[in-house]
Amino acid sequence: MNAIAFPLPDADILARRAAILARLAAILPPDCLITSEDERRAYETDAFTAYRRLPLAVALPRNTAEVSAILACCHAEGVPVVPRGAGTSLCGGAIPQEDALVIGLSKMSRILGVDYENRLARVEAGVTNLAITNAVSADGFFYAPDPSSQLACTIGGNIAMNSGGAHCLKYGVTTNNILGATLVLVDGTVIEIGGEAMDAPGYDYLGLLCGGEGQLGILTEAIVRILPMAEGARPVLFGFDTSEQAGEAVAAIIAAGIVPVAMEFMDKPAIEICEAFAKAGYPLDVEALLIIEVEGADAEMDATLARIVEIAKRHGVKTIRESKSAMETAAIWKGRKSAFGATGRIADYICMDGTIPTGQLPFVLRRIDEIVKGHGLRVANVFHAGDGNLHPLILYNVNDPDEARKAEEAGNDILTLCVEVGGCLTGEHGVGIEKRDLMRHQFSETELHQQMRVRAAFDPAWRMNPAKVFPLEGRLASERT
Amino acid sequence: MTGAILSPANEAELVGIIRDLAHAKAPLRISGGGTRMKFGRPVQAATSLSTRNLTGITLYEPAEMVIGARAGTPIAEIEAALSEKGQMLAFEPPDWRMLLASSGEPTIGAVAAGNLSGSRRLWGGAARDSLIGVTFVNGAGEIIRSGGRVMKNVTGLDIVKLQAGAWGTLGVLSEVIFKVVPQPEASATLMLEGLDDHAAIQAMIAAVTSPFEITGAAHDPEAGKTWLRIEGLSFSVDYRADALAQRLAPFGALRRIDPQESAKLWPRIRDAAPLAEPRDQVLWRLSLKPSEAAKAIEAIRAERAARVLYDWGGSLVWLATPIPENAGAATIRRAAKAAGGHATLTRAPEAMRMQIPVFEPEAAPLAALGKRIKGAIDPAGLFNPSLMHPGA
């Protein structure tokens, strides 16, 4: 699978490699600078493993001052930079290129302070998403966005991709849960954005940084919102004979004024894969499954679930399973949260991430099925039903180049479909290299140019994560391609 | 064109006007319904443009919890349409007509441009958190869309958020799309009486850090009252109101106020109505770390007279003070900074808004970045020049 192009490496930078590394070695101790080919291999790709490039070197700074010094050095030497958190990007957001320095934030993983009164925590960018929640959970707090990779992925990467998760229907995505950031610009300048109050002064730089995909600078610290945990949480599992019925039930729940904390959908192939792996007790005789979770005290959850069950019954629900224990709750979620891993055990897959208006759901599911079958492949669908963020998993054999090509084509057709029905290419994974060449489906040339001019306000020479997000052809004349 | 207000009737006319002005390098003052024209650093522009004729709801899908409208659509029209389907904007947009002694109709575009949020911001997020799509015309007269109608979208740079709070300095908004939420089935406002500012802050922190999803927390020192609002399904509201009263027992007895009284109270807090008079005082809007808010006000009061109203659990403080000594700018900004925040001069005579920075001055590298972003969207500096910062 090699349809996605990389820019040609700058021969001049490759020729100056030794001198550049010598300058970096003056900034960083030996254990913070990776230069050998063997060790660089660990950084040649991310979770979008079909593509890989060996970077010039890898820097692992320990603090903001070191990040600043490294960026100032790269700026002076004209060296491109690729920021990296945990390397869990599904769209190739952290894949390097041969003439670029990878700056990994793995050594900056401390929680610097927790302030319960003001419901915030100050953390370094390389801390994992789950580590934040773990640090405050004993005191009854949590950090809300919960991407499936939360055990490994970092807050810096979450901000770069504006990550979501299963619970963002109620709590929002990353951009709604970040208060401030320390950002190092491409020339090494350190700026503080936002702060500890609810509203920040001036332009919403933080809003731009969320989803900036590492093109605007390197984020070294963040102030994140932590929230008091609900008294309890409990899912209910519904099986339906058709995905239309499931979709209508979701709409009816919202129309009844109920916004559950999560509403997750799985189709039959996904149910079978997850049940085989997790033994979650999912019904195998249904076409669609919904997991709906509510929060609150026991009595509140009983009453809310009663209303939700009533609505599901009106829409022909076939199977109802309310969790009666923490163990059952864990089992219900284990199936859903292991969807990607379980699928990976039976086949290679590419995971799409388009979002659609939820009203288009039955039509889009039908079309996805047709598109994938048209390419002679199989698909399993899991998605966030409340917000229309789809994750079709297209199954294929990575060792069969023909299948790999077909899978990529089918994926592109699905994303084009998402845009056609009024949605977007990516809801929470980011554009990276994966969807870069599809950007013209969503934006006009004028709009792409406007975005690129805003990008240039941060990085005029196009050196921060340069091969990502924007198609390589048609970049602004002043920029390096 | 001097003196006239241009009011394009559609996007094509708007584009034509901006292209002409760009050609003539003629800056313009942008407004919606014109209710906040007395806010911001006075704009020096011969031309005024209003979006008030760009009206109408363009998209409303209750099941998808999303509404879109042309920028000049009155907020009242949006709220009426949502209410008919049992929904609402999550952030309780404020109305500044009383504060600024202005008339006209507040518009949805201006609420987006100003990132204006009311008391429910505490739980429901700011206007910018609900804003998921915009269409605007940039300084070259080009129509630019960003975001869209779906609430999860990380496709390209988020210029939507950038427009929220830019007060029209980054383009003329022509259409905005917000996600919306169901109206709560029930609401309860619980009141504590007789707390001083420090105790009130502690009570609000205790409430906001509880699991009971407080959607409003305000304190009016002059009334000697502190209010906490709980909303949701009726059985939840009853349960949570009791549980909160138990948790806050050390602060006194919580009394659930009459629903009609509550319905009148929250719009008054949202609009800072208790501080609207006397009009010869300036009004500051302080954004603070809640735990430090009462201390900040105490520090300010040690140096000058000030009346205050706390909202957002103490993260927002409205402050009225007399005009002399630069409206206390140095004292107030120092105290706000010490409390982890900043201050905005929301109401002051025009001459004073020319002389004292209305928005918190930014550190040099951030100001430089802001100017580069402005230049990327509005290179000739056409839109609301210097409204936020001189020369930007």
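Each chain gets a letter, A, B and so on, in the order the sequences are listed, and its residues count up from 1.
Counting heavy-atom pairs closer than 4.5 Å to chain A, the top residue among B:Lys179, B:Met388, B:Glu61 is B:Met388. Counting heavy-atom pairs closer than 4.5 Å to chain A, the top residue among B:Ser210, B:Ala363, B:Gly341 is B:Ser210. With chain A as partner, the option from B:Glu142, B:Lys152, B:Arg372 having the largest number of non-hydrogen pairs under 4.5 angstrom is B:Lys152. Contacts with chain A were tallied for B:Val150, B:Asp129, B:Thr155; B:Thr155 has the most, counting heavy-atom pairs under 4.5 Å.
Contact annotation for A:His384: only side-chain heavy atoms (C-beta onward) come within less than 4.5 Å of a heavy atom of chain B. At a 4.5 Å heavy-atom cutoff, A:Ala255 makes no contact with chain B through either its backbone or its side chain. With a 4.5 angstrom heavy-atom cutoff, B:Gln202 touches chain A only via side-chain atoms. For A:Lys170, the part sitting under 4.5 Å from any heavy atom of chain B is the side chain, from C-beta outward, and nothing else. Proximity to chain B is absent for every atom of A:Ser163, based on heavy atoms less than 4.5 angstrom apart. Residue A:Ile356 touches chain B through its backbone alone, counting heavy-atom pairs closer than 4.5 Å. Neither the backbone nor the side chain of B:Thr344 comes within contact range of chain A; no heavy atom of the residue lies under 4.5 Å from a heavy atom of that chain. For A:Leu169, the part lying near chain B is the side chain, with the backbone staying farther off; criterion is any non-hydrogen pair under 4.5 Å. Heavy atoms closer than 4.5 Å to chain B are found in both the backbone and the side chain of A:Asn176. In this structure, chain A has no heavy atom under 4.5 Å from any part of B:Glu292. The parts of A:Val454 that come within reach of chain B are both its backbone and its side chain, each placing non-hydrogen atoms under 4.5 angstrom from that chain. Using a 4.5 Å cut-off between heavy atoms, A:Phe141 touches chain B through its side chain atoms alone. Heavy atoms closer than 4.5 Å to chain A are found in the side chain of B:Leu233, but not in its backbone. For a residue to count as touching a neighbouring chain, one of its non-hydrogen atoms must lie under 4.5 Å from one of that chain's; by this rule A:Cys168 touches chain B with the side chain only.
Judged by distance alone, the side chain of A:Asn118 and the main-chain N or O of B:Ser291 form a donor-acceptor pair under 3.5 Å. Side chain of A:Glu447 to main chain of B:Arg145: a donor-acceptor pair is present (N/O by atom type, distance under 3.5 Å, no hydrogens or angles).
Ion pair B:Arg240/A:Glu231 not flagged as a salt bridge, since none of the NZ, NE, NH1 or NH2 atoms sits closer than 4.0 Å to an Asp/Glu carboxylate oxygen. Look at A:Asp204 and B:Lys161 and you find no salt bridge, because none of the NZ, NE, NH1 or NH2 atoms lies under 4.0 Å from a carboxylate O. We find that B:Lys289 and A:Glu117 are not joined by a salt bridge, their nearest charged nitrogen and carboxylate oxygen being 4.0 Å or further apart.
Between B:Tyr239 atom OH and A:Asp298 atom CG the span is 8.5 Å, to the nearest 0.5 Å. Considering CD1 of B:Ile373 and OH of A:Tyr205, their distance stands at 5.5 Å, rounded to 0.5 Å. How far OH of A:Tyr203 is from CH2 of B:Trp167: 13.0 Å, rounded to the nearest 0.5 Å. Distance check, rounded to the nearest 0.5 Å: SG of A:Cys424 to CD1 of B:Ile132 gives 10.0 Å. The CG atom of A:Leu209 sits 11.5 Å away from the CG atom of B:Leu162 when rounded to the nearest 0.5 Å. The OG atom of B:Ser146 lies 6.0 Å from the CD atom of A:Gln451; values are rounded to the nearest 0.5 Å.
Heavy-atom minimum distance, B:Pro211 versus A:Ala230: CB-CA, 4.2 Å.
By a heavy-atom distance cut of under 4.5 Å, A:Thr189, A:Ile191, A:Glu192, A:Ile193, A:Glu196, A:Ala197, A:Met198, A:Asp199, A:Ala200, A:Pro201 are the residues of residues 189-201 of chain A near chain B, going up by number.
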